[in-house]
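Taking it in order: structure first as C-alpha coordinates, then the write-up.
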Amino acid sequence: MLRTKPPFRADHVGSLLRPAAIKQAREQLAKGEITQAALKAIEDREIARVIKRQEDIGLQAITDGEFRRSWWHLDFLWGLDGVEKHVMDSGVKFAAVNTRSEGVKVTGKLGMAGPHPMVEHFKFVKANTTRTPKITIPAPSAIYGRPIATPIDKKLYPTLDQFFGELGQAYKKAVRGFADAGCRNLQLDEVFIAMLCDPKYRAQMTARGDNPEKLAVHYGELINVAMSDVPADMTVTMHLCRGNYRSTFMGAGSYDAVQEILFNKINVHGYFMEYDDERSGGFEPLRMLPKGKQVVLGLVTTKTGKLESKDELKRRIDAAAKFTSLDQLCLSGQCGFASTEEGNTLTEDEQWAKLARIVEVANEVWK
(Lines give C-alpha, C1' and ligand atoms only; values in the text may rest on other atoms or scores of the structure.)
Protein backbone atom coordinates (compact mmCIF):
# COMPACT_ATOMS: atom_id res chain seq x y z
CA MET A 1 0.00 0.00 0.00
CA LEU A 2 1.02 3.63 -0.38
CA ARG A 3 2.56 5.35 2.64
CA THR A 4 1.19 8.44 4.36
CA LYS A 5 4.42 9.30 6.20
CA PRO A 6 8.02 9.64 5.02
CA PRO A 7 9.80 8.06 3.38
CA PHE A 8 7.14 7.76 0.71
CA ARG A 9 6.77 4.99 -1.88
CA ALA A 10 7.76 7.52 -4.56
CA ASP A 11 10.41 9.77 -3.08
CA HIS A 12 13.47 11.75 -4.10
CA VAL A 13 16.79 12.67 -2.56
CA GLY A 14 16.22 16.41 -2.74
CA SER A 15 18.45 18.46 -5.02
CA LEU A 16 17.23 19.59 -8.42
CA LEU A 17 18.94 21.16 -11.43
CA ARG A 18 19.41 24.88 -10.88
CA PRO A 19 17.29 26.99 -13.25
CA ALA A 20 19.09 29.38 -15.59
CA ALA A 21 17.57 32.34 -13.73
CA ILE A 22 19.29 31.37 -10.47
CA LYS A 23 22.63 30.69 -12.15
CA GLN A 24 22.49 34.07 -13.86
CA ALA A 25 21.49 35.85 -10.65
CA ARG A 26 24.39 34.29 -8.74
CA GLU A 27 26.81 35.46 -11.41
CA GLN A 28 25.33 38.96 -11.21
CA LEU A 29 25.67 38.98 -7.42
CA ALA A 30 29.33 37.92 -7.68
CA LYS A 31 29.93 40.87 -10.05
CA GLY A 32 28.12 43.27 -7.74
CA GLU A 33 25.38 43.88 -10.29
CA ILE A 34 22.51 42.88 -7.97
CA THR A 35 21.97 42.76 -4.20
CA GLN A 36 21.59 39.75 -1.91
CA ALA A 37 17.93 40.74 -1.50
CA ALA A 38 17.44 40.66 -5.27
CA LEU A 39 18.99 37.18 -5.44
CA LYS A 40 16.68 35.98 -2.67
CA ALA A 41 13.64 37.28 -4.52
CA ILE A 42 14.65 35.28 -7.60
CA GLU A 43 15.32 32.18 -5.46
CA ASP A 44 11.93 32.54 -3.79
CA ARG A 45 10.20 32.74 -7.17
CA GLU A 46 12.04 29.75 -8.63
CA ILE A 47 11.57 27.64 -5.50
CA ALA A 48 7.83 28.35 -5.46
CA ARG A 49 7.72 27.24 -9.10
CA VAL A 50 9.64 24.03 -8.44
CA ILE A 51 7.50 23.20 -5.39
CA LYS A 52 4.40 23.30 -7.59
CA ARG A 53 6.11 21.12 -10.20
CA GLN A 54 6.90 18.48 -7.57
CA GLU A 55 3.29 18.54 -6.39
CA ASP A 56 1.94 18.34 -9.95
CA ILE A 57 3.80 15.11 -10.74
CA GLY A 58 2.58 13.50 -7.53
CA LEU A 59 5.51 13.69 -5.10
CA GLN A 60 4.61 13.86 -1.40
CA ALA A 61 8.02 14.95 -0.05
CA ILE A 62 8.71 18.50 -1.20
CA THR A 63 12.09 20.26 -1.16
CA ASP A 64 13.48 23.58 -2.35
CA GLY A 65 15.78 21.71 -4.72
CA GLU A 66 18.68 23.06 -2.63
CA PHE A 67 18.43 26.15 -4.85
CA ARG A 68 19.92 28.44 -2.19
CA ARG A 69 23.10 26.34 -1.90
CA SER A 70 26.27 25.96 -3.89
CA TRP A 71 27.19 22.56 -2.34
CA TRP A 72 25.19 19.72 -0.80
CA HIS A 73 27.28 19.96 2.39
CA LEU A 74 29.61 22.96 2.64
CA ASP A 75 26.93 25.67 2.86
CA PHE A 76 25.45 23.91 5.90
CA LEU A 77 28.84 23.34 7.55
CA TRP A 78 29.80 26.99 7.09
CA GLY A 79 26.72 27.81 9.18
CA LEU A 80 28.06 26.00 12.28
CA ASP A 81 29.86 28.00 14.97
CA GLY A 82 33.62 27.49 14.76
CA VAL A 83 33.65 26.56 11.06
CA GLU A 84 35.02 28.78 8.30
CA LYS A 85 35.32 28.60 4.55
CA HIS A 86 38.66 27.20 3.39
CA VAL A 87 40.25 27.35 -0.07
CA MET A 88 42.20 24.14 -0.60
CA ASP A 89 45.25 23.62 -2.80
CA SER A 90 43.15 21.43 -5.09
CA GLY A 91 39.68 19.98 -5.33
CA VAL A 92 38.60 16.46 -4.40
CA LYS A 93 39.33 13.87 -7.08
CA PHE A 94 36.30 12.18 -8.63
CA ALA A 95 36.35 9.49 -11.33
CA ALA A 96 36.56 11.94 -14.25
CA VAL A 97 37.00 15.41 -12.75
CA ASN A 98 38.16 17.33 -9.69
CA THR A 99 35.71 19.40 -7.67
CA ARG A 100 36.06 23.10 -7.00
CA SER A 101 38.72 23.72 -4.33
CA GLU A 102 36.40 24.91 -1.54
CA GLY A 103 36.29 23.26 1.84
CA VAL A 104 36.02 23.87 5.57
CA LYS A 105 38.41 24.53 8.41
CA VAL A 106 37.70 24.41 12.13
CA THR A 107 39.12 27.51 13.80
CA GLY A 108 36.87 27.82 16.86
CA LYS A 109 34.80 25.78 19.26
CA LEU A 110 32.08 23.89 17.41
CA GLY A 111 28.56 24.84 18.38
CA MET A 112 25.14 26.06 17.33
CA ALA A 113 24.25 29.14 19.37
CA GLY A 114 20.94 29.79 17.62
CA PRO A 115 18.85 28.28 14.81
CA HIS A 116 20.91 27.28 11.78
CA PRO A 117 20.46 29.75 8.88
CA MET A 118 18.94 26.95 6.80
CA VAL A 119 15.95 26.81 9.16
CA GLU A 120 14.68 29.78 7.15
CA HIS A 121 15.05 27.71 3.96
CA PHE A 122 12.82 25.05 5.49
CA LYS A 123 10.24 27.57 6.66
CA PHE A 124 9.84 28.89 3.12
CA VAL A 125 9.05 25.42 1.76
CA LYS A 126 6.68 24.69 4.64
CA ALA A 127 4.78 27.92 3.95
CA ASN A 128 4.43 27.13 0.25
CA THR A 129 3.24 23.51 0.15
CA THR A 130 0.33 21.51 1.50
CA ARG A 131 2.41 18.31 1.26
CA THR A 132 5.28 17.18 3.51
CA PRO A 133 8.23 19.61 3.40
CA LYS A 134 11.64 17.99 3.62
CA ILE A 135 15.01 19.48 4.51
CA THR A 136 18.27 17.78 3.53
CA ILE A 137 21.48 18.41 5.44
CA PRO A 138 24.87 16.71 5.38
CA ALA A 139 25.52 14.01 7.95
CA PRO A 140 28.15 15.00 10.56
CA SER A 141 30.85 12.95 8.81
CA ALA A 142 30.85 15.51 5.98
CA ILE A 143 33.11 17.81 7.99
CA TYR A 144 35.84 15.16 8.29
CA GLY A 145 35.40 12.46 5.67
CA ARG A 146 36.83 14.00 2.52
CA PRO A 147 40.13 12.29 1.62
CA ILE A 148 41.79 15.72 1.77
CA ALA A 149 42.28 16.29 5.52
CA THR A 150 40.20 19.02 7.19
CA PRO A 151 42.33 21.65 8.98
CA ILE A 152 41.32 21.52 12.67
CA ASP A 153 42.83 23.79 15.34
CA LYS A 154 44.79 21.28 17.45
CA LYS A 155 44.87 23.62 20.43
CA LEU A 156 41.08 23.49 20.57
CA TYR A 157 40.80 19.82 19.68
CA PRO A 158 43.93 17.86 20.59
CA THR A 159 42.03 14.56 20.19
CA LEU A 160 39.54 13.31 17.64
CA ASP A 161 37.20 12.16 20.43
CA GLN A 162 36.90 15.75 21.70
CA PHE A 163 36.25 17.01 18.19
CA PHE A 164 33.55 14.42 17.45
CA GLY A 165 32.01 14.98 20.89
CA GLU A 166 31.35 18.67 20.29
CA LEU A 167 30.45 18.11 16.63
CA GLY A 168 27.67 15.76 17.72
CA GLN A 169 26.30 18.30 20.20
CA ALA A 170 26.35 21.07 17.58
CA TYR A 171 24.39 18.85 15.23
CA LYS A 172 21.93 17.87 17.97
CA LYS A 173 21.08 21.56 18.47
CA ALA A 174 20.87 22.20 14.74
CA VAL A 175 18.51 19.26 14.17
CA ARG A 176 16.35 20.32 17.12
CA GLY A 177 16.14 23.78 15.54
CA PHE A 178 14.59 22.28 12.40
CA ALA A 179 12.18 20.26 14.53
CA ASP A 180 11.13 23.36 16.46
CA ALA A 181 10.38 25.07 13.13
CA GLY A 182 7.94 22.28 12.29
CA CYS A 183 10.18 19.92 10.32
CA ARG A 184 9.03 16.30 10.50
CA ASN A 185 10.98 14.99 7.51
CA LEU A 186 14.74 15.45 7.76
CA GLN A 187 17.32 13.69 5.60
CA LEU A 188 20.99 13.31 6.54
CA ASP A 189 23.21 12.96 3.45
CA GLU A 190 25.83 10.39 4.39
CA VAL A 191 28.51 10.00 1.73
CA PHE A 192 31.39 8.84 3.89
CA ILE A 193 29.88 5.73 5.45
CA ALA A 194 29.11 4.68 1.87
CA MET A 195 32.67 5.60 0.86
CA LEU A 196 33.98 3.21 3.52
CA CYS A 197 32.68 0.48 1.20
CA ASP A 198 35.48 1.42 -1.23
CA PRO A 199 38.88 -0.25 -0.58
CA LYS A 200 40.75 2.62 -2.28
CA TYR A 201 39.08 5.20 -0.04
CA ARG A 202 39.80 3.11 3.06
CA ALA A 203 43.46 3.00 2.00
CA GLN A 204 43.50 6.80 1.58
CA MET A 205 42.10 7.32 5.07
CA THR A 206 44.53 4.81 6.57
CA ALA A 207 47.44 6.58 4.84
CA ARG A 208 46.50 9.86 6.51
CA GLY A 209 46.44 8.21 9.94
CA ASP A 210 42.79 7.24 10.38
CA ASN A 211 41.32 3.82 11.17
CA PRO A 212 38.44 3.11 8.75
CA GLU A 213 36.77 0.67 11.15
CA LYS A 214 36.75 3.25 13.93
CA LEU A 215 35.58 5.98 11.57
CA ALA A 216 32.52 3.91 10.66
CA VAL A 217 31.67 3.61 14.36
CA HIS A 218 32.26 7.34 14.96
CA TYR A 219 30.10 8.35 12.00
CA GLY A 220 27.25 6.14 13.15
CA GLU A 221 27.45 7.45 16.71
CA LEU A 222 27.43 11.04 15.44
CA ILE A 223 24.17 10.42 13.60
CA ASN A 224 22.63 8.95 16.74
CA VAL A 225 23.66 11.99 18.78
CA ALA A 226 22.43 14.38 16.07
CA MET A 227 18.92 12.88 16.17
CA SER A 228 18.78 12.19 19.92
CA ASP A 229 16.50 15.15 20.67
CA VAL A 230 13.93 14.85 17.87
CA PRO A 231 10.17 14.65 18.56
CA ALA A 232 8.53 11.23 18.45
CA ASP A 233 6.63 12.13 15.27
CA MET A 234 9.72 13.26 13.31
CA THR A 235 11.18 11.01 10.60
CA VAL A 236 14.95 11.09 10.11
CA THR A 237 16.38 9.27 7.11
CA MET A 238 19.90 8.97 5.76
CA HIS A 239 20.90 9.04 2.12
CA LEU A 240 23.92 6.98 1.09
CA CYS A 241 25.91 7.60 -2.06
CA ARG A 242 29.50 7.40 -3.24
CA GLY A 243 29.79 10.93 -4.57
CA ASN A 244 27.86 12.93 -7.15
CA TYR A 245 29.55 15.79 -8.99
CA ARG A 246 28.86 16.69 -12.61
CA SER A 247 27.56 13.16 -13.27
CA THR A 248 30.70 11.50 -11.99
CA PHE A 249 31.41 9.64 -8.74
CA MET A 250 34.07 9.31 -6.05
CA GLY A 251 33.93 5.64 -5.08
CA ALA A 252 32.46 2.16 -5.46
CA GLY A 253 31.83 -0.88 -3.31
CA SER A 254 29.10 -3.08 -1.86
CA TYR A 255 27.23 -2.13 1.31
CA ASP A 256 28.44 -5.43 2.84
CA ALA A 257 31.41 -3.59 4.37
CA VAL A 258 29.19 -1.37 6.55
CA GLN A 259 25.94 -3.35 6.81
CA GLU A 260 26.27 -4.13 10.53
CA ILE A 261 26.71 -0.48 11.55
CA LEU A 262 24.25 0.75 8.94
CA PHE A 263 21.31 -1.40 9.95
CA ASN A 264 22.00 -2.37 13.57
CA LYS A 265 23.79 0.62 15.11
CA ILE A 266 22.25 3.73 13.53
CA ASN A 267 18.86 4.89 14.80
CA VAL A 268 17.46 6.48 11.64
CA HIS A 269 13.99 5.50 10.44
CA GLY A 270 14.92 4.86 6.83
CA TYR A 271 17.68 4.72 4.24
CA PHE A 272 17.91 6.20 0.75
CA MET A 273 20.36 3.75 -0.85
CA GLU A 274 22.21 4.28 -4.12
CA TYR A 275 21.55 1.27 -6.36
CA ASP A 276 21.63 2.53 -9.95
CA ASP A 277 24.56 0.44 -11.19
CA GLU A 278 27.11 -2.19 -10.23
CA ARG A 279 29.12 0.28 -8.12
CA SER A 280 26.72 -0.36 -5.22
CA GLY A 281 26.90 -4.16 -5.21
CA GLY A 282 23.92 -6.47 -4.75
CA PHE A 283 20.78 -6.31 -2.65
CA GLU A 284 21.97 -9.00 -0.21
CA PRO A 285 22.70 -6.56 2.66
CA LEU A 286 18.98 -5.72 2.74
CA ARG A 287 18.39 -9.03 4.53
CA MET A 288 19.71 -7.24 7.64
CA LEU A 289 17.11 -4.45 7.46
CA PRO A 290 15.28 -4.38 10.82
CA LYS A 291 11.51 -4.56 10.98
CA GLY A 292 9.92 -1.13 11.13
CA LYS A 293 12.54 0.56 8.95
CA GLN A 294 12.30 1.49 5.27
CA VAL A 295 14.79 1.37 2.42
CA VAL A 296 14.23 3.71 -0.51
CA LEU A 297 15.80 1.99 -3.49
CA GLY A 298 17.79 4.48 -5.57
CA LEU A 299 17.27 2.59 -8.83
CA VAL A 300 16.78 5.59 -11.11
CA THR A 301 20.08 7.17 -12.02
CA THR A 302 20.36 10.94 -11.77
CA LYS A 303 23.66 11.00 -13.62
CA THR A 304 22.29 10.60 -17.16
CA GLY A 305 19.09 11.52 -18.97
CA LYS A 306 18.27 8.00 -20.24
CA LEU A 307 14.86 7.10 -18.83
CA GLU A 308 14.56 3.73 -17.13
CA SER A 309 11.71 1.50 -18.34
CA LYS A 310 8.90 0.57 -15.98
CA ASP A 311 9.59 -3.14 -16.50
CA GLU A 312 13.27 -2.71 -15.67
CA LEU A 313 12.49 -0.90 -12.43
CA LYS A 314 9.85 -3.44 -11.43
CA ARG A 315 12.29 -6.30 -12.03
CA ARG A 316 14.86 -4.69 -9.77
CA ILE A 317 12.30 -3.99 -7.05
CA ASP A 318 11.32 -7.67 -7.21
CA ALA A 319 14.99 -8.63 -6.92
CA ALA A 320 15.41 -6.46 -3.80
CA ALA A 321 12.20 -7.90 -2.30
CA LYS A 322 13.87 -11.32 -2.22
CA PHE A 323 15.95 -10.06 0.70
CA THR A 324 13.42 -7.97 2.62
CA SER A 325 9.69 -7.31 2.67
CA LEU A 326 8.24 -5.40 -0.29
CA ASP A 327 6.34 -3.36 2.29
CA GLN A 328 9.67 -2.06 3.63
CA LEU A 329 10.77 -0.77 0.22
CA CYS A 330 10.20 2.50 -1.65
CA LEU A 331 11.62 3.98 -4.88
CA SER A 332 13.69 7.08 -5.68
CA GLY A 333 16.54 8.45 -7.70
CA GLN A 334 19.99 7.22 -6.74
CA CYS A 335 21.06 10.70 -5.65
CA GLY A 336 20.05 14.30 -6.17
CA PHE A 337 20.18 15.82 -9.64
CA ALA A 338 22.49 18.62 -8.52
CA SER A 339 24.57 17.89 -5.44
CA THR A 340 26.40 21.07 -6.38
CA GLU A 341 25.17 24.08 -8.29
CA GLU A 342 26.86 22.81 -11.47
CA GLY A 343 24.36 19.95 -11.65
CA ASN A 344 24.51 16.66 -13.53
CA THR A 345 24.61 16.29 -17.32
CA LEU A 346 20.92 15.94 -18.14
CA THR A 347 18.18 18.41 -18.99
CA GLU A 348 15.39 19.67 -16.75
CA ASP A 349 12.87 17.84 -18.94
CA GLU A 350 14.80 14.59 -18.44
CA GLN A 351 14.93 15.23 -14.69
CA TRP A 352 11.15 15.66 -14.47
CA ALA A 353 10.55 12.61 -16.66
CA LYS A 354 12.57 10.52 -14.21
CA LEU A 355 10.69 11.85 -11.19
CA ALA A 356 7.37 11.22 -12.95
CA ARG A 357 8.51 7.65 -13.77
CA ILE A 358 9.31 7.07 -10.08
CA VAL A 359 5.78 8.14 -9.11
CA GLU A 360 4.22 6.05 -11.90
CA VAL A 361 6.09 2.86 -10.98
CA ALA A 362 5.53 3.30 -7.24
CA ASN A 363 1.79 3.72 -7.77
CA GLU A 364 1.70 0.47 -9.77
CA VAL A 365 3.91 -1.58 -7.44
CA TRP A 366 2.39 -0.42 -4.14
CA LYS A 367 -1.22 0.09 -5.25
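- The backbone N or O of I143 sits less than 3.5 Å from a side-chain atom of T150, completing a donor-acceptor pair.
- Not a single donor-acceptor pair under 3.5 Å links the side chain of K367 to the backbone N or O of M1.
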Worksheet item: Are L299 and L331 close enough, and set up right, to give a side chain to side chain contact (heavy atoms under 4.5 Å, CB included), and what steps lead you there?
Response: CA-CA 7 Å; L299 303 179; L331 178 64; 3.9 Å; yes

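- Side chain to side chain, T206 and N211 fail the donor-acceptor criterion of an N or O pair below 3.5 Å.
- Expressed to the nearest 0.5 Å, how far OG1 of T159 lies from NZ of K154 amounts to 9.0 Å.
- By the 4.5 Å heavy-atom criterion applied to side chains, P7 and T235 are counted as neighbours.
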Practice prompt. Show the numbers, then the answer: is there a side chain to side chain contact (heavy atoms under 4.5 Å, CB included) between K200 and M195?
Written response: CA-CA 9 Å; K200 292 180 181 176; M195 283 300 298; over 6 Å; no

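- Of all heavy-atom pairs between L39 and I34, the closest is N-CD1, 4.1 Å.
- Taking the charged nitrogens against the carboxylate oxygens, R69 and E341 have no contact shorter than 4.0 Å, which rules out a salt bridge.
- Distance NE2/H218 to CG/D210: 8.5 Å, rounded to 0.5 Å.
- Within the 4.5 Å cutoff, side-chain heavy atoms of I137 are placed close to those of Y171.
- Closest approach of L167 and L80 over heavy atoms only: CD1-CD1, 4.5 Å.
- Taking the side chain as every heavy atom from C-beta outward, L188 and V236 approach each other to under 4.5 Å.
- By the 6.0 Å and 45° rule, R68 stacks over the aromatic ring of F124.
- Ion pairing between a basic and an acidic side chain is recognised when a charged N comes within 4.0 Å of a carboxylate O; E46 and R18 show no such pairing.
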Worksheet item: When you look at M288 and N264, which way does the side chain to side chain contact (heavy atoms under 4.5 Å, CB included) test go after all the steps?
Response: CA-CA 8 Å; M288 295 188 67; N264 290 333; 3.3 Å; yes

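- Side chain of D11 to backbone of S332: no donor-acceptor contact under 3.5 angstrom is found.
- Counting heavy atoms from C-beta outward, M227 and N267 have side chains that approach closer than 4.5 Å.
- The backbone N or O of A338 lies less than 3.5 Å from a partner atom in the side chain of S15, making a donor-acceptor pair.
- Of all non-hydrogen atoms in K23 and E342, the two that sit nearest each other are NZ-O, 3.7 Å.
- Residues A21 and I42 share a closest heavy-atom pair of O-CG2, 4.0 Å.
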Discussion item. For T301 and D276: C-alpha separation, side-chain torsions, deciding distance, then whether side chain to side chain donor-acceptor pair (under 3.5 Å) applies.
Written reply: CA-CA 5 Å; T301 190; D276 63 327; 2.8 Å; yes

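- Taking the six-membered ring for Trp and the full ring otherwise, Y144 and Y219 have centroids separated by 6.0 Å or more.
- Although no hydrogens or angles enter the test, the distance criterion places a donor-acceptor pair under 3.5 Å between the side chain of T302 and the main chain of G336.
- Looking only at side-chain heavy atoms (C-beta outward), I317 and W366 come within less than 4.5 Å of each other.
- Of all heavy-atom pairs between M238 and L262, the closest is CE-CD1, 3.9 Å.
- The closest side-chain heavy-atom distance from E190 to I193 is below 4.5 Å.
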Fill in: D318/K322 under salt bridge (Lys or Arg N to Asp or Glu O under 4.0 Å): CA gap, chis, key distance, verdict
CA-CA 7 Å; D318 286 343; K322 289 180 169 60; over 6 Å; no

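- Smallest separation of non-hydrogen atoms from Q334 and G298: CB-O, 3.3 Å.
- Between H12 and T63, the closest side-chain pair of non-hydrogen atoms falls below 4.5 Å.
- Taking the centre of each ring, Y157 and F164 stay at or above the 6.0 Å mark.
- Tracing side-chain contacts under 4.5 Å through hydrophobic residues (I, L, V, M, F, W, Y), one reaches L329 starting from I358; they form part of the same cluster.
- At distances below 3.5 Å, at least one donor-acceptor pair connects side-chain atoms of Q351 with backbone N or O atoms of L17.
- Hydrophobic cluster membership differs between L16 and V296, with clusters built from Ile, Leu, Val, Met, Phe, Trp and Tyr side chains linked at under 4.5 angstrom.
- In this structure, Q54 contributes its side chain and V50 its backbone to a donor-acceptor pair below 3.5 Å.
- With sequence neighbours excluded, no residue forms a salt bridge (charged side-chain N to carboxylate O under 4.0 Å, His left out) with D153.
- In this structure, the separation between CZ on R176 and NZ on K173 is 13.5 Å, given to the nearest 0.5 Å.
- Remark: Q60 CD to N185 CG distance equals 11.0 Å, nearest 0.5 Å.
- A ring-centre distance under 6.0 Å is not found for Y255 and F283.
- Residue L240 is grouped with residue F337 when hydrophobic side chains (ILVMFWY) are merged at heavy-atom distances under 4.5 angstrom, including chains of intermediate members.
- K123 meets the salt bridge (charged side-chain N to carboxylate O under 4.0 Å, His left out) test with E120; sequence neighbours excluded.
- Remark: R184 engages D233 in a salt bridge, criterion side-chain N to carboxylate O under 4.0 Å.
- Salt-bridge check for R202 with D198: failed, with every basic side-chain N at 4.0 Å or more from each acidic carboxylate O.
- Remark: K293 NZ is packed, more than 12 non-hydrogen atoms of other residues, nucleotides or ligands lying under 6.0 Å away.
- Both V258 and L289 are assigned to one and the same hydrophobic cluster, defined by single-linkage of ILVMFWY side chains at heavy-atom distances under 4.5 Å.
- Here the CD1-CD1 distance, from I135 to I62, works out to 13.5 Å after rounding to the nearest 0.5 Å.
- Among E364, E308, E360, the one residue that satisfies the salt bridge (Lys or Arg N to Asp or Glu O under 4.0 Å) test with K314 is E364.
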Discussion item. Could you walk me through whether D327 and R9 satisfy the salt bridge (Lys or Arg N to Asp or Glu O under 4.0 Å) test, starting with their C-alpha distance in whole Å, then the side-chain angles of each, then the deciding distance to 0.1 Å, before giving a yes or no?
Written reply: CA-CA 9 Å; D327 191 53; R9 296 300 186 195; 2.7 Å; yes

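- For the residue pair Q328 / Q294, no side-chain donor-acceptor distance below 3.5 Å is found, with atom types taken as modelled.
- For NZ of K109, the number of neighbouring non-hydrogen atoms (other residues, nucleotides, ligands) closer than 6.0 Å is greater than 12.
- Residues L2 and F8 do not share a hydrophobic cluster, clusters being chains of Ile/Leu/Val/Met/Phe/Trp/Tyr side chains in contact below 4.5 Å.
- With contacts defined as side-chain heavy-atom distances shorter than 4.5 Å, the pair T136/W72 does not qualify.
- Separation of atoms CZ (F192) and SG (C241) is listed at 9.0 Å; rounding is to 0.5 Å.
- Salt bridge absent: K134 and D64 never bring a charged side-chain N and a carboxylate O closer than 4.0 Å.
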Fill in: Worked verdict on V191 versus H73 for side chain to side chain contact (heavy atoms under 4.5 Å, CB included)
CA-CA 10 Å; V191 167; H73 58 328; over 6 Å; no

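- Under the 6.0 Å distance and 45° angle rule, R146 counts as a cation-pi partner of W71.
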